[in-house]
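Comments concern the structure below.
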Amino acid sequence: MPARIRAPHPTDLPRLVALLAAAGLPVDDLATGQIDFLVAMEDGQLLGIIGVEAVPPDGLLRSLAVAPGARGSGLGGRLLQAMEAHAAARGVRRLTLLTTTAAPFFQQRGYQPVPRADVAPAIQATAEFRSLCPASATCMHKHLAVD
């Protein structure tokens, strides 16, 4: 049975933080409640996570991580598709992300590099954009289809 993608339960938080920390992703601002997460679960195990900090019509894609044993299975792509649909339903029309390691993954899925200065001011004001992610990170965006 493939991993089920769903919103996290409060009891998932310690495993969520551990997976993000193990992947080297920021965890310092998770308690703000401004980030919507989706998790991939299978047999009670957390296999993946993705988040979005929505500031419609823009959103900052956050924290895509897949557990080492589930990498290469397509789960990262499934999580990304699920989050794009979730963000679009919340009124997000353009997703921006910062990455130090996964630009090719995102480019294959329609994300294009963009200068940081061209990002919406509300996204530039987020903690991840201001200080949690290094200035050397690649900035990318994608326009979401509106149904």
Side-chain angles (χ1 to χ4, degrees), residues 2-42 46-67 70-71 73-147:
R4 184 173 152 248
I5 297 174
R6 62 164 172 80
H9 300 133
T11 57
D12 295 329
L13 186 61
R15 293 185 292 173
L16 185 149
V17 171
L19 179 59
L20 293 175
L25 295 171
V27 296
D28 292 344
D29 65 334
L30 298 186
T32 65
Q34 297 174 345
I35 305 165
D36 283 348
F37 285 103
L38 294 176
V39 296
M41 303 292 293
E42 185 175 68
L46 176 65
L47 297 183
I49 183 170
I50 191 168
V52 69
E53 197 165 342
V55 190
D58 291 282
L60 181 62
L61 194 65
R62 294 283 307 261
S63 308
L64 173 58
V66 175
R71 291 182 187 152
S73 68
L75 183 57
R78 286 183 53 219
L79 280 163
L80 182 60
Q81 285 181 322
M83 184 52 77
E84 287 174 351
H86 174 80
R90 291 207 48 212
V92 172
R93 298 298 171 245
R94 182 172 68 174
L95 277 175
T96 299
L97 65 90
L98 297 168
T99 182
T100 58
T101 60
F105 171 87
F106 288 107
Q107 200 154 14
Q108 290 172 352
R109 288 152 181 86
Y111 288 79
Q112 297 299 315
V114 61
R116 287 172 87 108
D118 291 353
V119 172
I123 299 302
Q124 289 185 31
T126 64
E128 177 163 323
F129 206 92
R130 283 190 334 267
S131 61
L132 296 179
C133 203
S136 60
T138 300
C139 185
M140 305 179 85
H141 77 229
K142 178 180 182 178
H143 291 274
L144 300 180
V146 179
D147 293 333

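Numbering of residues begins at 1 and proceeds along the displayed sequence. Scope of the values below: all heavy atoms of this structure, side chains included, with no hydrogens, waters or symmetry mates.
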So Leu64 and Phe106, do their side chains get closer than 4.5 Å, heavy atoms only?
yes
Short side-chain to backbone donor-acceptor contact, Arg93 and Ala88, under 3.5 Å
yes
Value for CD1 (Ile5) from CD (Gln81), rounded to nearest 0.5 Å, stands at 8.5 Å
I want to check something: taking the side chain as every heavy atom from C-beta on, are Pro8 and Leu13 in contact at a cut-off of under 4.5 Å?
no
Quick check: closest heavy atoms across Ala3 and Leu47, and the distance to 0.1 Å?
CB-CD1, 4.1 Å
Rounded distance [0.5 Å steps], CZ in Arg62 versus CG in Leu25:
9.0 Å
Nearest heavy-atom pair of Ala87 and Leu95: which atoms, and what distance?
CB-CD2, 4.3 Å
From CG (Leu19) to CD1 (Ile49), nearest 0.5 Å:
6.5 Å
Heavy-atom closest pair, residues Ala70 and Ser73
O-OG, 2.6 Å
Between Asp12 and His9, is there a donor-acceptor pair closer than 3.5 Å when you use the side chain of the first and the backbone of the second?
yes
Output the distance between atom CD1 (Ile50) and atom NE2 (His86), rounded to the nearest 0.5 Å.
10.5 Å
Taking Arg78 for its side chain and Ala40 for its backbone only, find out whether a donor-acceptor pair lies under 3.5 Å.
no
Counting C-beta onward and ignoring hydrogens, is there a side-chain heavy-atom pair between Leu61 and Tyr111 closer than 4.5 Å?
yes
Within-4.5 Å side-chain heavy-atom neighbours: Gln107 and Gln112
yes
Do any N or O atoms from the side chain of Arg71 and from the backbone of Val66 form a donor-acceptor pair under 3.5 angstrom?
yes
Scanning both residues in full, the closest heavy-atom pair of Gly59 with Ile123 reads C-CD1, 3.7 Å
Quick check: closest heavy atoms across Val55 and Ala122, and the distance to 0.1 Å?
CG1-CB, 3.3 Å
So which heavy atom on Thr100 is nearest to which on Ala137, and how close?
CG2-CB, 3.8 Å
Let's go through Val119 and His141 carefully: what are the C-alpha distance in whole Å and the side-chain angles of both, what is the deciding distance for side-chain contact (heavy atoms from CB on, under 4.5 Å) to 0.1 Å, and is it a yes or a no?
CA-CA 9 Å; Val119 172; His141 77 229; over 6 Å; no
Student check: side-chain heavy atoms of Leu98 and Arg116 closer than 4.5 Å:
yes
Might you work through the side-chain contact (heavy atoms from CB on, under 4.5 Å) test for Met41 and Leu46, ending with a clear yes or no?
CA-CA 5 Å; Met41 303 292 293; Leu46 176 65; 3.7 Å; yes
What pairs of residues pass the salt bridge (charged side-chain N to carboxylate O under 4.0 Å, His left out) test when at least one of them lies in residues 100-114, not counting sequence neighbours?
none
dist Gln124:CD -> Leu60:CG (nearest 0.5 Å) comes out at 11.0 Å
